[in-house]
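Computed over heavy atoms, backbone and side chain alike; hydrogens, waters and symmetry mates excluded. No experiment lies behind these values; they were computed from the predicted model shown.
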Amino acid sequence: MKAALAGRTVVLGVSGSIAAYKAVELLRLLVKDGADVYVVMSENAGRFIQPLTFEALSGHPVAVEVFDTAETASMEHVRQAERADCLIVAPATAGTLGKLACGLTGDALANFFIAYGGPTIIAPAMNDGMYAHPAVRENIARLKSRGAHFVDPEEGELACGRVGPGRLAEPADILAAARAVLQPVRDLEGLHFLVTAGPTREPIDPVRYLSNPSSGKMGYAIAAQAARRGAEVTLVSGPTALEPPEGVRFLPCLRAEEMHALVQENFAGCDVLVMTAAVGDFAVETVEKEKIKKNGDAPLVLTLKPTRDILKEVAQKKTHQFVVGFAAETENLIDSAKEKLRKKNLDLIVGNDISAPGIGFQSDSNQVVVVDRAGRADPWPLLPKSRIAGLLLDRILEARRA
Ligand code: CTP
């Protein structure tokens, strides 16, 4: 079999993290996949790993210093690298992300980034607190808005001993992202995907609302990957902290009623509906125009009315559309998912146990069971949501063809 990256030039940017050792494995995988790889290191990366290791494995001199010896002063190999097909920054520390987002120079990696301007994949690695910091979030959003692809860090034990999101993604997943950028499979061309994501928000009064902790990550990952694989994608999203993915028609909304209207409007023209949104099941019957005042210790009684079941309503009208639902359960996962698939007239349902710790709602990973109309239930292992998105798109394609 032909190596997937044969003939492609990749620059691997390594910054100063304890995860730098994983960049060695990534380099090995890239080379094995046929890529010609040049390594550029940030100022601190050399504290964790010797340039010689990268030099030996890549077969090229490594750019480390800005003003370097005679060898790098010729900059011949850096010029070569500027014609690269892709830059992968892995691991990207909080400091390096800041430099890249702000266009600062000062070390070989930051300088290269400014000179390069081509397709870029960034795999962050840092402590969970740093990863959650607004400055880091803004830098990531800024780089994404300029087209950088991110391979999100995984959750797990971090070098500092804490457990949380921040651990560099596995080299195999970063390689998969590089393959997708360098040779995207366009197997969804000609299909229109309608994807819903995030929570809905039902107002109580002008300053209060009912909602749920859905992050939107699952739906956004599906929308982003479907678009990358050539589909026309409409993403109907409740309020989330995420940036709309590239190449997607983005329709924001707040209330279940608004989401209902947008899904209805776009359903007839779609081929596949993937309903990941955590639609609120209840809305306040009478939304107060003014802020509700406290009345001493008297309890506040709200009357809630059920919202309409968007999925059930549109799926009753399906003609050629393939309809996928999600089921959030706390017990009897497979049986409840099967029951929802039947009741809502779905083609596929993805069930997840939201009572299990560390998966679902806000998390970057999930453990799901995929159930089809024939009653086949496939339990998938705990996987990053980005991976679940890819596998689910494969499964939808396979089921549509059957
Ligand atoms: N859904 C919907 N409209 C609603 C509620 C849910 O379209 N008003 C969709 C969700 O997007 C999901 C599927 O229905 O794809 C199942 O949602 P879930 O919350 O698991 O189930 P419910 O139908 O709300 O039933 P229950 O909460 O009683 O389990």
Side-chain angles (χ1 to χ4, degrees), residues 5 8 10-11 13 84-90 92 96-97 100-103 113-114 116-124 131 136-153 169 173-198 214-253 262 266 269-274 276-277 364 384-394 396-397:
L5 300 183
R8 316 309 295 267
V10 173
V11 173
D85 298 297
C86 171
L87 163 66
I88 304 174
V89 185
T96 286
L97 277 177
L100 305 190
C102 298
F113 179 74
I114 290 286
Y116 172 62
T120 301
I121 296 170
I122 301 178
Y131 189 58
V136 172
R137 307 311 310 166
E138 277 170 27
N139 288 334
I140 291 176
R142 195 184 280 188
L143 288 160
K144 275 188 182 169
S145 72
R146 292 189 202 130
H149 306 273
F150 274 76
V151 184
D152 293 335
D173 290 333
I174 305 174
L175 175 73
R179 282 182 175 176
V181 166
L182 290 169
Q183 37 152 236
V185 197
R186 308 282 294 177
D187 58 352
L188 301 182
E189 228 152 46
L191 293 178
H192 182 184
F193 272 67
L194 176 59
V195 182
T196 67
S214 167
S215 65
K217 286 175 186 166
M218 192 65 247
Y220 278 57
I222 292 169
Q225 291 191 32
R228 235 180 277 149
R229 286 167 66 165
E232 180 193 340
V233 180
T234 302
L235 174 61
V236 174
S237 175
T240 75
L242 306 172
E243 291 288 309
E246 291 162 60
V248 158
R249 184 166 152 252
F250 184 68
L251 304 176
C253 60
L262 290 171
N266 289 280
C270 85
D271 300 294
V272 180
L273 167 66
V274 186
T276 74
D364 287 327
K385 285 183 176 169
S386 56
R387 182 99 180 94
I388 294 178
L391 290 172
L392 186 61
L393 291 173
D394 294 345
I396 293 170
L397 259 191

Indicate the atoms forming the closest heavy-atom contact of [X] with [Y], along with that distance.
{"X": "T240", "Y": "G216", "result": "CG2-CA, 4.0 Å"}
{"X": "L262", "Y": "P252", "result": "CD1-O, 3.9 Å"}
{"X": "I88", "Y": "A178", "result": "CD1-CB, 3.8 Å"}
{"X": "A197", "Y": "T276", "result": "CA-OG1, 3.5 Å"}
{"X": "P245", "Y": "A223", "result": "CG-CB, 4.4 Å"}
{"X": "I174", "Y": "A169", "result": "CD1-O, 3.7 Å"}

Practice prompt. May I have the step-by-step check of side-chain contact (heavy atoms from CB on, under 4.5 Å) for L5 and L175, ending in yes or no?
Written response: CA-CA 10 Å; L5 300 183; L175 175 73; 4.1 Å; yes

Discussion item. Under the criterion side-chain contact (heavy atoms from CB on, under 4.5 Å), I'd like the reasoning laid out for L97 against Y131: C-alpha separation, chi angles, the key distance, then a yes or no.
Written reply: CA-CA 11 Å; L97 277 177; Y131 189 58; 6.0 Å; no

Fill in: Name of the residue among T234, L194, V233, V236 meeting side-chain contact (heavy atoms from CB on, under 4.5 Å) with R249
T234

Worksheet item: Among V11, T96, L87, whose side-chain contact (heavy atoms from CB on, under 4.5 Å) with F113 holds?
Response: L87

Could you tell me if the side chain of [Y] sits less than 4.5 Å from the side chain of [X], heavy atoms only?
{"X": "F150", "Y": "I140", "value": "yes"}
{"X": "V10", "Y": "L182", "value": "yes"}
{"X": "L397", "Y": "D394", "value": "no"}
{"X": "V195", "Y": "V248", "value": "no"}
{"X": "V272", "Y": "L188", "value": "no"}

Hey, what do you get for [atom1] ([X]) to [atom2] ([Y]), rounding to the nearest 0.5 Å?
{"X": "R8", "Y": "D85", "atom1": "CZ", "atom2": "CG", "result": "4.5 Å"}
{"X": "L242", "Y": "R137", "atom1": "CG", "atom2": "CZ", "result": "8.5 Å"}
{"X": "S215", "Y": "K385", "atom1": "OG", "atom2": "NZ", "result": "4.5 Å"}
{"X": "L251", "Y": "N266", "atom1": "CG", "atom2": "CG", "result": "6.0 Å"}
{"X": "L143", "Y": "E138", "atom1": "CG", "atom2": "CD", "result": "12.0 Å"}
{"X": "L393", "Y": "Q225", "atom1": "CG", "atom2": "CD", "result": "6.5 Å"}

Test your reading of the model: is there a side-chain donor-acceptor pair from [X] to the backbone of [Y], 3.5 Å cut-off?
{"X": "R146", "Y": "A101", "answer": "yes"}
{"X": "T196", "Y": "A277", "answer": "yes"}
{"X": "R229", "Y": "E189", "answer": "no"}
{"X": "Y116", "Y": "A84", "answer": "yes"}

Worksheet entry | Under the side-chain hydrogen bond (donor to acceptor under 3.5 Å, both in side chains) test, residues paired with S214 that sit two or more places apart | none

